[in-house]
Amino acid sequence: IRGHTCHGHNFCALELFEKMQEEGIKPDKVTFLCVVKAIGALEMIEQGTLLHDRIILTGLECDVMIANALMHMYCSCGRLESACRVFDRIPVRDVASWSAVITGHAAHGNVPATFGYFNLMHQEGMKPDKVTVLCILKACGIIGALEQGKLLHDYIRRNEADTELAVGNALVDMYARCGSMEDSLKVFKTLLKPDIISWGAIISGYAEHGCFGLAWDYLQKVEREGLKPN
RNA sequence: GCUGUUA
């Protein structure tokens with residue numbers, strides 16, 4: 001099942017899940033994680049609700065990884081209230097729980113809820129890890145929260161996390177989406193070895209803001225750097 | 001085999 005989901009063959013994965021059960025093999029926690037993820041990718045909300053009911057019957061709904069996967073699934077399907085209900089029922093939340101609920105609300109442009117959960121996370125003393133930082137930067141980019149993004153940038157600098165390329169790329173992307181190509185370029189120039197994602201963030205930032213000449217120039221630079229545009 | 005992840 002996992003072999004199929006990680007290649008994007010989510011429907012095949014669901015068929016295998018059915019077949020497995022026809023053969024009398026009971027799904028465990030890992031099976032459910034994979035299948036919840038597949039259903040989320042397919043945005044099959046009816047199937048997702050049915051699977052959630054089955055998970056409740058097995059008593060796994062309080063498992064933090066299962067709950068996080070369910071939240072992500074509901075957010076992918078646009079069911080933010082359902083995601084919140086799962087979030088509220090998690091006995092012990094981890095960083096992934098917060099990442100899922102914050103990114104989920106940001107993806108749907110729910111600015112108050114995004115900041116609400118972000119502030120609550122801070123209040124509860126949950127320290128963001130690398131992935132949470134990526135998720136919150138993504139959230140800031142989606143909802144255009146430049147000020148919050150800059151505060152997070154300060155936090156990243158204080159924690160010396162800005163040397164990580166993934167974080168640097170997420171900053172370049174966040175500033176570009178917030179409309180500050182100046183800040184975006186400033187971060188880009190600090191990257192020791194920009195990859196195709198770094199360049200892509202700059203190019204799409206210029207393209208998104210109607211600066212086609214600059215987008216074109218940077219595309220030429222990519223090739224001059226010996227990188228292959230994807 | 002294992003949830004949240006930047007163009």
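Every chain is numbered from 1 and lettered A, B, ... according to where its sequence line falls, protein lines coming before strand lines.
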Counting only side-chain heavy atoms from C-beta out, which of G4(B), U3(B), U6(B) sits nearest to Ala69(A)? U3(B)
Picking from A7(B), G1(B), G4(B), which would you name as closest to the side chain of Ser204(A)? A7(B)
Show your working on salt bridge (Lys or Arg N to Asp or Glu O under 4.0 Å) between Lys150(A) and Asp183(A) and close with a plain yes or no. CA-CA 10 Å; Lys150(A) 285 190 170 179; Asp183(A) 288 307; 3.5 Å; yes
Starting from [atom2] on [N], measure out to [atom1] on [X] and report it in whole angstrom.
X: Leu152(A); N: U5(B); atom1: CG; atom2: P; result: 16 Å
X: Ile142(A); N: G4(B); atom1: CD1; atom2: C1'; result: 13 Å
X: Leu165(A); N: U6(B); atom1: CG; atom2: C1'; result: 9 Å
X: Met121(A); N: G4(B); atom1: CE; atom2: C1'; result: 11 Å
X: Ile90(A); N: G4(B); atom1: CD1; atom2: P; result: 13 Å

Are the side chain of Arg93(A) and the backbone of Trp98(A) linked by a donor-acceptor contact shorter than 3.5 Å? no
Report yes if a donor N or O on one partner sits less than 3.5 Å from an acceptor N or O on the other, where the partners are the side chain of Asp94(A) and the base of G4(B); otherwise report no. no
Does the Lys NZ or Arg CZ of Lys29(A) fall within the cation-pi geometry relative to Phe32(A) - under 6.0 Å from the ring centre and within 45° of the axis? no
Mind checking if Asn230(A) touches a base, just sugar-phosphate, or nothing, with heavy atoms under 4.0 Å? base
For A7(B), does OP1 or OP2 lie under 4.0 Å from any side-chain N or O of Arg177(A)? yes
For residues 172-194 of chain A, which residue pairs qualify under ring pair (Phe, Tyr, Trp, His ring centres under 6.0 Å), counting only residues two or more places apart or in two chains? His153(A)-Tyr175(A), Phe188(A)-Trp199(A)
